[in-house]
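Remember, it's a predicted structure, so these values are computed and weren't measured experimentally.
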Amino acid sequence: MIKSLSRKKPTGRRRFRDYYAIWIETLKTIHLPILRHHMSCATSTSSPNLLSAHVEILHHHFKSYYHNLDLAASTDVSQILFPVEHRNAMELPFLWLGDLHPYLFTNLLRSYLLQHDDSFSLQEPENEDEEYDYQEHQEQEIEEEDEEEIEVGESCEFLKKQWPLMNAWKIQSRKLTTRIDQIERGLRLMVPALMNRARRAQAGFVQKVGSGEVSAAVAAAEMEEEMVGIVMDANRLRKDVISEIVSVTTVYQAALFLEGLAQFLVGIRDGKLLQEFRSCKSPIN
């Protein structure tokens with residue numbers, strides 16, 4: 001509706017699809033590889049500081065994205081609400097008011113915490129009544145050691161480098177879990193409020209045009225102005241959730257979180273994955 005009735009004409013400014021293509025390519029080819037490089041040598045002489053610096057650089061990359069998303073919305077909100085030019089079929093189900101739903105960020109963070117909890121439960125016997133043959137288990141371990149020789153020096157060096165990341169979620173501070181709960185409580189209030197504003201804007205358009213109070217063009221312009229504010233508030237919410245997560249986590253946790261978010265955005269645009277999705281013939285129940 002907004003897209004068809006929008007009175008704004010294209011300006012000389014670059015379309016958001018062009019900006020997003022450059023932004024996602026920079027994320028894929030520059031920021032993500034560099035972040036992973038510093039994560040792989042996180043305990044070397046100066047790498048912790050370098051890791052922290054690149055976490056902030058990647059965080060800034062996301063903040064600059066939402067800044068430009070606001071600019072694009074103020075120029076033509078329809079290209080954000082209907083992002084068919086720069087989003088593919090795999091991405092669309094994850095969008096809310098023009099971009100990723102903020103719950104995706106907290107769900108990603110919780111997935112790391114739950115994954116760590118599950119790693120402990122998987123080590124426990126499923127049936128405590130079953131007798132565990134420790135001798136047989138030790139014999140199996142000896143056979144596995146014989147099958148694969150491990151260079152002790154290289155193994156220790158690898159563990160030394162990876163240990164902070166391997167244990168990043170082992171210690172779950174009360175501050176972190178409490179803050180996640182607070183963020184999600186805020187989302188449960190703010191997400192429905194923004195959706196209600198969008199519904200009221202659409203209902204107001206229908207009422208004004210149906211009653212003949214104003215012309216369709218004027219009503220569309222008023223609705224468009226309201227939707228720009230709604231999209232900007234949604235972007236602010238998304239940006240704030242990411243910033244809150246980065247600020248409340250350790251540098252290693254923040255690195256893993258931003259890596260996961262970046263990999264999601266890059267991976268969902270994979271050509272092979274998209275082709276398989278398009279060729280899928282399975283019915284949706």
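When the options Met227, Glu225, Glu226 are evaluated for a side-chain contact (heavy atoms from CB on, under 4.5 Å) with Met223, the one that passes is Met227. In summary, of the residues considered (Arg197, Lys239, Arg238), a salt bridge (charged side-chain N to carboxylate O under 4.0 Å, His left out) with Asp233 occurs for Arg197 alone.
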>> Run Arg278 and Gln275 through side-chain hydrogen bond (donor to acceptor under 3.5 Å, both in side chains) and show every step you take.
In response: CA-CA 5 Å; Arg278 288 172 175 168; Gln275 183 62 34; 4.9 Å; no
>> As a quick check of understanding, evaluate side-chain contact (heavy atoms from CB on, under 4.5 Å) for Thr249 and Phe257, giving each step before the final call.
In response: CA-CA 9 Å; Thr249 51; Phe257 167 75; 5.9 Å; no
>> Run Asn235 and Leu97 through side-chain contact (heavy atoms from CB on, under 4.5 Å) and show every step you take.
In response: CA-CA 9 Å; Asn235 291 340; Leu97 291 176; over 6 Å; no
>> Evaluate Tyr19 against Asn68 for side-chain hydrogen bond (donor to acceptor under 3.5 Å, both in side chains), listing each step before the verdict.
In response: CA-CA 8 Å; Tyr19 167 81; Asn68 282 276; 3.3 Å; yes
>> I'd like to know whether Arg110 forms a side-chain hydrogen bond (donor to acceptor under 3.5 Å, both in side chains) with Asn107, so could you lay out the CA-CA distance, the side-chain angles of the two residues, the decisive distance to 0.1 Å, and finally the verdict.
In response: CA-CA 5 Å; Arg110 284 200 179 276; Asn107 288 342; over 6 Å; no
> Run the side-chain contact (heavy atoms from CB on, under 4.5 Å) check on Glu244 and Val248 step by step: do they pass?
Replying inline: CA-CA 6 Å; Glu244 285 285 351; Val248 79; 5.6 Å; no
>> Applying salt bridge (charged side-chain N to carboxylate O under 4.0 Å, His left out) to Lys28 and Asp270, what does each step give before you reach the verdict?
In response: CA-CA 11 Å; Lys28 177 182 178 180; Asp270 179 72; over 6 Å; no
> Do Leu109 and Trp169 pass the side-chain contact (heavy atoms from CB on, under 4.5 Å) test, and can you show the C-alpha distance, the side-chain angles, and the key distance before you say yes or no?
Replying inline: CA-CA 10 Å; Leu109 182 61; Trp169 307 104; 3.4 Å; yes
>> Working note: Gln263 + Arg36, criterion side-chain hydrogen bond (donor to acceptor under 3.5 Å, both in side chains); need CA distance, chi angles, decisive distance, verdict.
In response: CA-CA 11 Å; Gln263 182 55 50; Arg36 285 174 170 165; 2.7 Å; yes
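Here the shortest heavy-atom pairing between Ile245 and Ile183 reads CG1-CD1, 4.5 Å. Across all non-hydrogen atoms, the minimal contact from Leu108 to Gly260 is CD2-C, 3.9 Å. In terms of heavy atoms, Ala234 sits closest to Leu194 at CA-CD1, 3.9 Å. Between Arg269 and Ile24, the shortest heavy-atom distance links the atoms CD-CG1, 3.8 Å. In terms of heavy atoms, Pro102 sits closest to Leu187 at CB-CD2, 3.8 Å. Pairing each heavy atom of Arg188 with each of Tyr103, the nearest pair is CG-OH, 2.9 Å.
Counting heavy atoms from C-beta on, the side chains of Val231 and Leu69 never come closer than 4.5 Å. Contact annotation: the side chain of Leu92 approaches that of Pro83 to within less than 4.5 Å [non-hydrogen atoms, C-beta and beyond]. By the 4.5 Å heavy-atom criterion applied to side chains, Tyr252 and Leu51 are counted as neighbours.
For Glu276, the CD atom is densely surrounded, since the number of other residues' heavy atoms within 6.0 Å is greater than 12. No more than 12 heavy atoms of other residues, nucleotides or ligands shown are found within 6.0 angstrom of CE on Met190.
No continuous path of hydrophobic side-chain contacts links Ile57 to Leu261 [ILVMFWY only; heavy atoms under 4.5 Å]. Linking ILVMFWY residues whenever their side-chain heavy atoms come closer than 4.5 Å, directly or via other members, leaves Ile34 and Met39 in distinct clusters. Each of Ile30 and Phe264 belongs to its own hydrophobic cluster when Ile, Leu, Val, Met, Phe, Trp and Tyr are linked at side-chain heavy-atom distances under 4.5 angstrom.
Between Arg87 and Asp99 there is a salt bridge, with a side-chain nitrogen of the basic residue lying less than 4.0 Å from a carboxylate oxygen of the acidic one. Looking at Arg15 and Asp76, a side-chain N of the basic residue comes within less than 4.0 Å of a carboxylate O on the acidic one, giving a salt bridge.
Rounding to the nearest 0.5 angstrom, the gap separating the NE2 atom in His38 from the CG atom in Leu50 is 5.0 Å. Here CD1 of Ile80 is found 10.5 Å from CG of Leu95. Values are rounded to the nearest 0.5 Å. The CG atom of Leu273 sits 7.5 Å away from the CD1 atom of Ile268 when rounded to the nearest 0.5 Å. Residue Leu35 holds its CG atom at 6.0 Å from CG of Leu58, rounded to the nearest 0.5 Å. Separation of atoms CG (Leu104) and CD1 (Ile242) is listed at 9.5 Å; rounding is to 0.5 Å. Note: Lys63 NZ to Ser243 OG = 5.5 Å, rounded to the nearest 0.5 Å.
With Thr178 contributing its side chain and Lys175 its backbone, the two residues share no donor-acceptor pair below 3.5 Å. Formation of a donor-acceptor pair under 3.5 Å by the Gln253 side chain with backbone atoms of Thr250 is found in this model.
Phe16 has its ring centre less than 6.0 Å from the ring centre of His86. In this structure, the ring of His54 has its center less than 6.0 angstrom from the ring center of His31. If you look at Trp23 and Phe62, their ring centroids are closer than 6.0 Å.
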